[in-house]
Structures are given as structure tokens and as C-alpha cells.
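Notes to accompany the following structure.
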Protein chains: 2
Amino acid sequence: MTASRTARERVRAELTKEITDIARRQLATEGAGGLSLRAVAREMGMVSSAIYRYFPSRDDLLTALIIDGYNALGAAVERADEDSPPGDFAGRWLAVCHAVREWALAHPHEYTLLYGSPVPGYQAPEETIAARVRDVAVFGRILAQAYEAGALAPPDLAPPAPATLSADAANLRQIMPGVPDDLIFRGLTAWTGLYGWVSFEVFGQFENTIQDKRGSFEQSVRTLGALLGLKPA
Amino acid sequence: MTASRTARERVRAELTKEITDIARRQLATEGAGGLSLRAVAREMGMVSSAIYRYFPSRDDLLTALIIDGYNALGAAVERADEDSPPGDFAGRWLAVCHAVREWALAHPHEYTLLYGSPVPGYQAPEETIAARVRDVAVFGRILAQAYEAGALAPPDLAPPAPATLSADAANLRQIMPGVPDDLIFRGLTAWTGLYGWVSFEVFGQFENTIQDKRGSFEQSVRTLGALLGLKPA
DNA sequence: AAAAAACGAGAGCACTGCTCTTGACGATTG
DNA sequence: CAATCGTCAAGAGCAGTGCTCTCGTTTTTT
């Protein structure tokens with residue numbers, strides 16, 4: 001109904017998209033700190049103050065980019081999961097891990113915006129929180145479905161999760177319904193391990209240390225999968 | 001010999017230290033991006049251009065802070081390791097993990113400088129690389145000593161490290177001498193898992209998700225320790 | 001057709017990193 | 001001892017930033 005109301009609204013939507021597109025390109029070359037409203041305006045042939053009609057502040061532009069980023073990453077992860085055989089839980093975990101890594105390497109600055117150090121002075125608003133759960137929801141779904149299918153054979157490891165953590169486990173169970181406490185925390189460990197690796201690689205921490213980054217990543221992520229009891233098909 | 005040469009050199013060393021101290025304080029309140037040479041100068045009662053006599057550019061000041069940070073973190077980790085019974089390898093691993101987390105939480109912006117997303121436009125010079133190995137050397141030492149002492153009982157997990165990774169393993173063995181390939185990559189996984197967790201917590205990724213952060217961290221890090229075969233004493 | 005809202009342009013404020021010049025001080029050498 | 005030479009703080013200035021305010025113009029709404 002509001003698809004094409006007034007001409008003004010249409011051109012406004014177009015300009016808004018053009019701004020975010022240019023901003024995303026600038027983000028890719030300069031990084032988050034180098035994102036300049038004036039440069040965006042210059043590239044659009046506008047005067048800098050005009051941008052503020054569309055984004056009240058630089059932070060609002062950042063927020064738009066962050067939400068887009070979460071959605072892009074989430075979509076990539078969802079696609080990887082859907083392209084895998086639903087019953088091959090280990091394969092789904094692996095595919096999804098590679099999807100995260102490859103998206104991050106293809107869009108390093110956007111990944112940095114999502115999972116890197118917070119931009120100084122920027123406070124993530126509520127709106128970003130909704131979009132952020134999209135990728136982690138996929139992980140939770142895989143784990144929950146694998147557990148429900150009885151496809152998990154988690155190895156015996158020394159310390160099971162203590163009862164003091166049951167409140168947090170209950171909270172995390174929203175994402176992995178039906179999964180017992182100990183496995184929930186193994187899932188959390190695997191999840192942080194995955195993003196810890198990807199962040200290290202994107203941030204250049206592995207430079208001059210690891211040659212076969214993809215191979216090492218797969219080895220690490222397979223190990224984390226084994227921790228969850230995911231048996232390779 | 002150069003301990004107290006001319007008066008000029010002494011006052012120069014003092015002023016240099018004062019600059020880095022103020023910069024570190026500013027870093028703590030504003031973050032890396034908000035580090036302003038002019039603000040430092042203002043706080044010292046100097047004019048901004050005078051700072052450039054001591055640090056040719058903002059990046060050089062950053063480099064000094066980074067090196068100090070690596071050393072501070074490295075020292076904290078070393079202390080935690082030395083305060084543990086040498087034969088209690090699981091305890092040493094746990095102590096060292098907590099040391100990393102606590103130092104990071106006490107100095108979030110410094111930690112961000114070391115392990116966060118790279119500062120845009122800043123290229124870490126060679127000098128920082130030497131200092132960075134200090135903390136990871138401690139992890140390697142614990143693992144190598146535990147292996148040599150025969151104190152490791154790593155659980156059987158599905159995929160051992162493939163031969164294609166042996167070159168990287170050989171490289172990493174410099175830090176963990178004598179450790180077999182598969183265990184080296186488990187160590188790498190545990191290491192990235194540890195820093196992945198700490199980064200998530202420092203960067204606020206666990207907000208509204210986990211209450212008992214310390215407890216969850218310990219659970220995660222114990223699990224990673226079990227992955228290495230570290231048996232609790 | 002008149003009132004209201006949205007818009008682009010421009011000037012301006014306070015701030016940044018950094019450069020260049022100027023004048024003063026202190027250490028080193030003739 | 002005195003002259004010189006290097007080091008230093010200060011200040012002005014450049015190009016850039018985010019952001020605000022005002023001023024006509026254009027478009028939408030009433």
C-alpha cells in the first residue's frame with residue numbers, strides 16, 4: 001500500500017539506499033573509523049548537511065550498516081545450513097562454520113563491525129539486537145535437532161556443568177530447546193571458539209603463524225564439533 | 001651507563017613516560033579511537049605540537065602503548081603461572097586463563113588494542129611482534145611440560161590432524177616443543193577458544209545473555225582443558 | 001489556492017592529526 | 001670563557017571531521 005506513495009517518498013527511499021551503499025563501499029576500503037559522512041555526501045554530489053536529513057547522526061548510519069550486516073551474515077549461514085542434508089548434523093555444523101568464516105573474509109570490515117571491538121562512542125541500539133540472533137539461532141537449531149534425533153555422542157569430559165549455572169543454561173535453552181545443561185555450555189564453548197578463530201584470522205592474529213588457514217580452521221572446528229558429540233557422517 | 005647522562009635526557013625520559021601515562025588514562029576512558037594528542041598535550045600543559053618532539057606521530061604513541069600492553073598482560077599471565085604448583089598442569093591452565101580474563105576486564109581498552117579489531121590505518125610495526133609472544137609462550141610451556149611429564153590423557157576425538165597440516169604444526173612446535181601434531185592443534189583450538197571468550201565478554205557480546213560470566217567462563221575453559229587431556233588435580 | 005512539511009545549500013563551530021616557523025634555552029666544543 | 005649547535009615549547013596554519021542553524025525552494029497536504 002505504501003509501496004509507491006508520493007514521489008518524495010520514493011526518491012527518499014532511493015537516496016537512503018544509495019547512502020548506505022556508498023557507506024558500505026567506504027567501509028570496505030577505509031574501515032569503520034574512516035567512514036565519513038562528508039565523503040559519502042561528496043560522492044553523491046550532495047552537501048554534507050543534506051545527509052542529516054536521512055541519517056540524524058553518523059551512529060544511525062552505522063546502525064543501518066550493522067543491521068544489514070547481521071542480516072547478510074545470517075542469510076549466508078542459513079543458506080549453508082539449508083544446502084546440507086538435514087540429517088547430517090556434523091556436516092551442517094561444518095558447513096555453517098565455513099559459511100561464517102568465508103563471509104567474514106569476504107567482508108572483513110563488516111564482520112569487524114559486528115564482532116570486533118565496539119566502535120568508540122557508539123552504543124548499539126535495541127534494533128540491532130533483533131537482527132543479531134539470526135546466525136546463532138542456526139547453531140542452536142542444529143544442536144537441538146541433533147540432540148533430539150539422538151545423533152549426539154558427546155565424549156566424557158571431566159567437569160559437567162555445575163548446578164550454579166542452571167539459570168544461565170535455562171536462558172540459553174531458548175536457543176537450543178530441549179538440550180541438557182552440560183551440552184548447552186559445550187555449545188557455548190564451540191560457538192565462542194568458532195568466532196574466536198574467525199576473529200583472530202580476520203584481525204590478522206594468525207599472520208606469520210599459520211599457512212594453511214582453511215585447513216587449520218577446519219581441524220579446529222571439527223574438534224569443537226566432536227566436543228558436542230557430532231559424529232562425521 | 002646511560003642511566004643518567006645529561007639533564008636533558010633525564011627530563012626527556014620523564015616527559016615521555018608522562019605522555020604514555022596520560023595517554024593510557026585517556027585510552028581507558030575514551031578508547032583507542034578517542035586517543036587525542038591534543039588532549040594529552042592539554043592535560044600536560046603543553047602545546048600540541050610539542051608532543052611531536054617525543055612521538056613523531058599518533059601511531060608511534062599507539063605502538064608504545066601496545067608494547068606496554070603486551071608486556072603487562074604477559075607479566076600477569078607469567079605471574080599466575082608461577083603462583084601455581086608446577087606439577088598441577090590443569091591448575092596452571094585454569095589460573096592462566098583467569099589471569100587473561102581478569103587482566104582484560106581490568107584493562108578493557110588496552111586489551112582491545114591488543115586483541116580487538118585493528119585500529120584503522122594503523123600498521124603494527126615489527127617491534128610489537130616481539131612483545132606479543134609473551135603470553136602465548138606461557139600456554140605453550142604448560143602444554144609442553146604436561147606432555148613431557150606424561151600428565152596428559154586427551155580424549156579420543158574423531159578426526160586427528162591430517163598430514164597436510166604437518167608444516168604448520170612444525171612451525172607451532174617452536175612454542176610447544178615435543179608435542180605431537182594433533183595435540184598442537186588442540187592447543188591452538190583451546191587458545192583461540194580462550195581469547196574468543198574473553199573478547200566476546202570484553203566487547204559486550206554476552207550482555208543480556210549470560211549472568212554468571214565468571215562461572216560460565218570457567219566451565220568453558222575447563223572443557224577446553226579437558227580437550228587437551230588436562231586432568232584436574 | 002493556502003498552509004505545512006520536507007528538502008538542499010551554505011556558513012559556521014569545535015574538534016582532530018600534523019607541518020612549519022620562530023625564538024629561547026642548554027650542552028658541547030673551540 | 002665564549003661561541004656554536006642541537007633541542008625544545010610555542011604558535012599559526014592546513015585540511016579534514018561531525019554536527020547545527022538558517023535560508024530559500026519545492027513538494028505534499030489541507
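The figures here come from the full heavy-atom set of this structure, side chains too, leaving out hydrogens, waters and symmetry mates. The model shown is predicted, which means the values in this text are computed figures rather than measured ones.
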Would you grab the first and last nucleotide of DNA chain D (5' to 3') that comes under 4.0 Å of any non-hydrogen atom in chain B? D:dG6 to D:dG13

Restricting to side chain to side chain donor-acceptor pair (under 3.5 Å), what partner residues turn up for A:N71, sequence neighbours left out? A:R134

Identify, with sequence neighbours excluded, every residue that meets side-chain contact (heavy atoms from CB on, under 4.5 Å) alongside A:R132. A:Y70, B:Q205

Contacts of type salt bridge (charged side-chain N to carboxylate O under 4.0 Å, His left out), residue B:R214, not counting sequence neighbours: B:E102, B:E218

Determine whether a donor-acceptor pair (N or O, by modelled atom type, separation under 3.5 Å) exists between the side chain of A:R58 and the backbone of A:L35. yes

Which residues in residues 12-24 of chain B have a heavy atom closer than 4.0 Å to any atom of DNA chain D? B:R12, B:L15

Output a table of donor-acceptor pairs, distance under 3.5 Å, between side-chain atoms of residues 44-55 of chain B and any protein atom two or more places apart or on a different chain; print 'none' if there are none.
none

If you take any heavy atom closer than 4.0 Å to DNA chain C, which residues from residues 51-67 of chain A end up in contact? A:R53, A:Y54

Between A:S57 and A:D60, does any side-chain donor sit less than 3.5 Å from a side-chain acceptor? yes

Which residues share a side-chain contact (heavy atoms from CB on, under 4.5 Å) with A:A72, sequence neighbours left out: A:W103

Residue pair A:E207, A:K213: steps toward the salt bridge (Lys or Arg N to Asp or Glu O under 4.0 Å) verdict: CA-CA 10 Å; A:E207 233 53 52; A:K213 303 214 180 77; 3.7 Å; yes

For a quick test of reading the model, state the closest non-hydrogen atom pair linking A:L27 to A:A32 and the distance between them. CD1-CA, 3.5 Å

Donor-acceptor list for residues 164-172 of chain B side chains, cut-off 3.5 Å, not counting sequence neighbours:
| unit_1 | atom_1 | unit_2 | atom_2 | d |
| --- | --- | --- | --- | --- |
| B:S166 | OG | B:A163 | O | 2.9 |
| B:D168 | OD1 | A:Q211 | N | 2.7 |
| B:D168 | OD2 | A:Q211 | N | 3.4 |
| B:D168 | OD2 | A:D212 | N | 2.8 |
| B:N171 | ND2 | A:T209 | O | 3.1 |

All salt bridge (charged side-chain N to carboxylate O under 4.0 Å, His left out) counterparts of B:D21, not counting sequence neighbours: B:K17, B:R24

Listed in order of residue number, which residues of residues 36-49 of chain A have a non-hydrogen atom at under 4.0 Å from DNA chain C? A:R38, A:M46, A:V47, A:S49

If you look only at pairs with a residue in residues 111-136 of chain B, which of them pass as a ring pair (Phe, Tyr, Trp, His ring centres under 6.0 Å), with sequence neighbours excluded? A:F200-B:Y115, B:Y111-B:Y115, B:Y115-B:Y195

